[in-house]
Amino acid sequence: MKKVVVVGSINMDLVTMCQRVPKAGETIFGDRFFQVPGGKGANQGVAMGKLGTKVTMLGKVGEDSFGNDLINSMKNSGVNTDYIERSKNSTGIAKIIVEANGQNRILVVSGANMDVDKEYIDRHIDVIKDADIVVTQLELPLPTVEYVLGKAKEFDKLTILNPAPAEPLNEKIIRSSDIIIPNETELSFITRMPTDTDEEIKAACEKLLDIGVKELIVTLGSKGSLHINREKSQFHSAYMVKAIDTTAAGDSFIGGFVKALNKNNIDEAIEFGTKVSAIAVTRIGAQSSIPTLKEVNEFQGVKRS
Ligand code: RIB
């Protein structure tokens with residue numbers, strides 16, 4: 001079985017559900033509050049673990065109860081947490097507001113995630129050497145992301161970058177990523193090009209392909225996703241579902257994609273990831289919304305035309 005390592009963020013999500021977000025200076029009542037394990041890296045790791053992938057998480061939490069809960073959530077989902085370290089800084093948190101239409105707004109305080117440095121990666125470099133696929137995002141310090149991707153390529157691993165939240169990226173990061181999975185906004189940000197139409201998205205992807213990326217998968221929310229490489233551009237439509245909470249929609253897509261990924265079956269893997277995220281958006285929370293393999297296999301969704 002292929003081995004995956006996710007090098008990424010681990011956050012406790014503090015979620016408020018409400019009809020609408022308050023305006024500046026306004027106080028309104030929310031409907032519900034809860035805390036739930038999250039963090040883009042951990043969510044992707046948990047999705048892979050729940051779906052039966054052999055996955056190890058590299059990252060840091062604080063010496064606090066959020067850290068304990070987050071490690072337990074990952075362990076219970078089948079993620080190897082042996083190399084997660086405790087930092088003096090508190091565990092990362094994300095304040096999330098979800099409106100009645102399922103859309104969210106997220107404010108992250110990184111805490112321990114910002115202590116994931118090159119020295120930490122070097123201490124656990126054997127985990128990267130031992131993996132087949134290395135997955136990372138941008139909720140860690142950028143020099144660490146660059147280092148991880150560079151090392152992974154040095155060891156000839158397949159590298160997957162989810163450039164979220166969007167940050168300007170240097171060419172080395174882009175060149176070291178075999179597959180980049182942004183949404184349209186992130187694609188626009190990292191290429192500094194407009195991405196409002198299919199043609200603009202393709203042009204922005206061309207720019208990344210010219211730098212050395214092999215495959216781009218641009219997620220388009222409720223519309224679906226676009227897979228672009230040198231040979232082709234293929235649209236994958238999404239399922240028609242009633243979204244309650246879109247938090248971790250992208251993370252569950254990536255978890256499903258990696259679970260189903262074998263050599264040269266990118267479009268099949270996208271279809272599987274699309275199903276996983278279709279289920280996730282119908283449930284509340286980040287890791288709490290991610291389905292098991294059985295649930296995905298039993299899913300009977302109808303695609304948008
Ligand atoms: O992608 C969703 C995640 O982004 C949330 O779980 C939150 O922790 C932020 O990292």
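In listed order, ligands and their atoms are each counted from 1.
A donor atom on one side chain and an acceptor atom on the other are found under 3.5 Å apart for Asp122 and Tyr147. Remark: the Ser9 side chain and the Asn11 side chain contain no N/O donor-acceptor pair separated by less than 3.5 Å.
For Gly250, the closest heavy-atom approach to ligand 1 does not fall below 4.0 Å.
Scanning all protein heavy atoms for the shortest distance to atom 1 (O) of ligand 1 gives Asp251 OD2, 2.7 Å. Atom 3 (C) of ligand 1 has as its closest protein heavy atom Asn43 ND2, 3.6 Å.
Here Asn262 pairs with Lys2, Asn265 under the side chain to side chain contact (heavy atoms under 4.5 Å, CB included) rule; sequence neighbours left out.
The aromatic rings of His236 and His227 sit tilted, their planes meeting at an angle between 30° and 60°.
With salt bridges taken as basic N to acidic carboxylate O contacts below 4.0 Å, none links Asp115 and Lys60.
The ligand atoms of ligand 1 that sit less than 4.0 angstrom from a heavy atom of Glu139 are 4 (O), 9 (C), 10 (O). Within ligand 1, the atoms closer than 4.0 Å to a non-hydrogen atom of Ala94 are 7 (C), 8 (O), numbered from 1 in the order shown. The distance from ligand 1 to the heavy atoms of Asn11 drops below 4.0 Å at these ligand atoms: 8 (O), 9 (C), 10 (O). Near Gly38, meaning under 4.0 Å from any of its heavy atoms, are these atoms of ligand 1: 6 (O), 8 (O). In summary, the atoms of ligand 1 found under 4.0 Å from a heavy atom of Ala286, numbered by their order in the structure, are 6 (O). Atom numbering of ligand 1 starts at 1 in the shown order; those under 4.0 Å from a heavy atom of Asp13 are 5 (C), 6 (O), 7 (C), 8 (O).
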Name each donor-acceptor pair under 3.5 Å that joins a side chain in residues 275-286 to protein atoms two or more places apart or in another chain, with its distance.
| residue | atom | partner | partner atom | Å |
| --- | --- | --- | --- | --- |
| Ser277 | OG | Gly273 | O | 3.4 |
| Ser277 | OG | Thr274 | O | 3.3 |
| Thr282 | OG1 | Ile279 | O | 2.6 |
| Arg283 | NH1 | Glu295 | OE1 | 3.4 |
| Arg283 | NH2 | Glu295 | OE2 | 3.1 |

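Considering backbone and side-chain atoms together, Lys40 places an N or O closer than 3.5 Å to an N or O of ligand 1. The shortest N or O to N or O distance between Ser9 and ligand 1 is not below 3.5 Å. Here's the thing with Gly39: one of its N/O atoms is less than 3.5 angstrom from an N/O atom of ligand 1.
In the hydrophobic clustering of this structure, Ile217 does not group with Leu208; members are Ile, Leu, Val, Met, Phe, Trp, Tyr whose side-chain heavy atoms approach within less than 4.5 Å, directly or through other members.
Across all their heavy atoms, Val213 and Leu209 have their closest contact at O-CD2, 3.2 Å.
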